[in-house]
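Just so it is clear: chains get the letters A, B, ... in the order the sequence lines come, proteins before strands, and each one is counted from 1.
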Amino acid sequence: MQAERTDFFERVWCIVAQIPYGKVTTYGHIAAALGARRSARIVGWALQAAPPGLPCHRVVNSNGWLTGKNHFPSPTFMEERLRSEGVRFIGPDRVDLKLHLWVPGSESEMKR
DNA sequence: CTGATGACGTGTG
DNA sequence: ACACACGCCATCA
């Protein structure tokens, strides 16, 4: 069944859905949380197929740049949304990761 | 099945 | 430190 693809995507959605308010995370950290640090790009695919309601605007690249804003209904929606959450911007499309970087697994106990 | 693409990351020159 | 290139995994044509 084609639901198989949702399996991997669902992992990403689950992580993104766990991002707390006013926080952001990076593709690499999500991929690392999934155990596929090299699949950071696949994380972006999951967001592309991500259903509405998912805070995908809280996901940025390691540089803190809103690389995916181009894929939003409005290129400014992402920036406005993050600012609305109190996220500090250090550039036109760059968020302060050191102030809002959230790591997946912090909330989840995970194995180990 | 093969080729090309992609909302990234890391390494090397 | 900066610029360029490759790799990685999954999806689409």
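Side-chain to base pairing of A:R38 with C:dC9: no donor and acceptor N or O lie closer than 3.5 Å to each other.
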*Intra- and interstrand pairs of DNA chain C - dot-bracket, Watson-Crick/G-U under 3.5 Å, | marks other strand*: .||||||.|||||
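Between A:F9 atom CZ and C:dC9 atom C1' the separation is 10 Å, expressed in whole Å. When rounded to the nearest whole Å, the span between CG of A:N63 and C1' of C:dC2 equals 13 Å. In this structure, A:L34 atom CG and B:dG9 atom P are separated by 14 Å, rounded to whole Å.
Counting only heavy atoms from C-beta on, A:W45 has its side chain closest to B:dG6 among B:dC8, C:dC9, B:dG6. You'll find that the side chain of A:T67 is closest to B:dA7, out of B:dA7, B:dG6, B:dG9. Checked against B:dC8, C:dC9, B:dA7, the side chain of A:F72 finds its nearest nucleotide in B:dA7. Comparing C:dC9, B:dG9, B:dG6 by their nearest atom to the side chain of A:R41 picks out B:dG6.
Residue A:S39 places none of its side-chain N or O atoms closer than 4.0 Å to OP1 or OP2 of C:dC8.
In the hydrophobic clustering of this structure, A:L47 does not group with A:L82; members are Ile, Leu, Val, Met, Phe, Trp, Tyr whose side-chain heavy atoms approach within less than 4.5 Å, directly or through other members. In the hydrophobic cluster analysis, where Ile, Leu, Val, Met, Phe, Trp and Tyr join through side-chain heavy atoms closer than 4.5 angstrom, A:V43 is grouped apart from A:V24.
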_Derivation and outcome, side chain to side chain contact (heavy atoms under 4.5 Å, CB included), residues A:T67 and A:Y27_ = CA-CA 11 Å; A:T67 50; A:Y27 300 97; 3.7 Å; yes
*asked:* What verdict does the side chain to side chain contact (heavy atoms under 4.5 Å, CB included) test give for A:H100 and A:R88, after you've listed the backbone C-alpha separation in whole Å, the side-chain angles of each residue and the deciding distance to 0.1 Å?
replied: CA-CA 8 Å; A:H100 302 292; A:R88 176 89 61 104; 4.0 Å; yes
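To the nearest whole angstrom, the two P atoms, one in B:dT5 and one in C:dA5, are 16 Å apart. Rounded to a whole angstrom, the distance from the C1' atom of B:dA7 to that of C:dA3 is 22 Å.
Side chain of A:T25 to backbone of A:W102: a donor-acceptor contact under 3.5 angstrom is found. Between the side chain of A:R81 and the backbone N or O of A:H57 there is no donor-acceptor pair closer than 3.5 Å.
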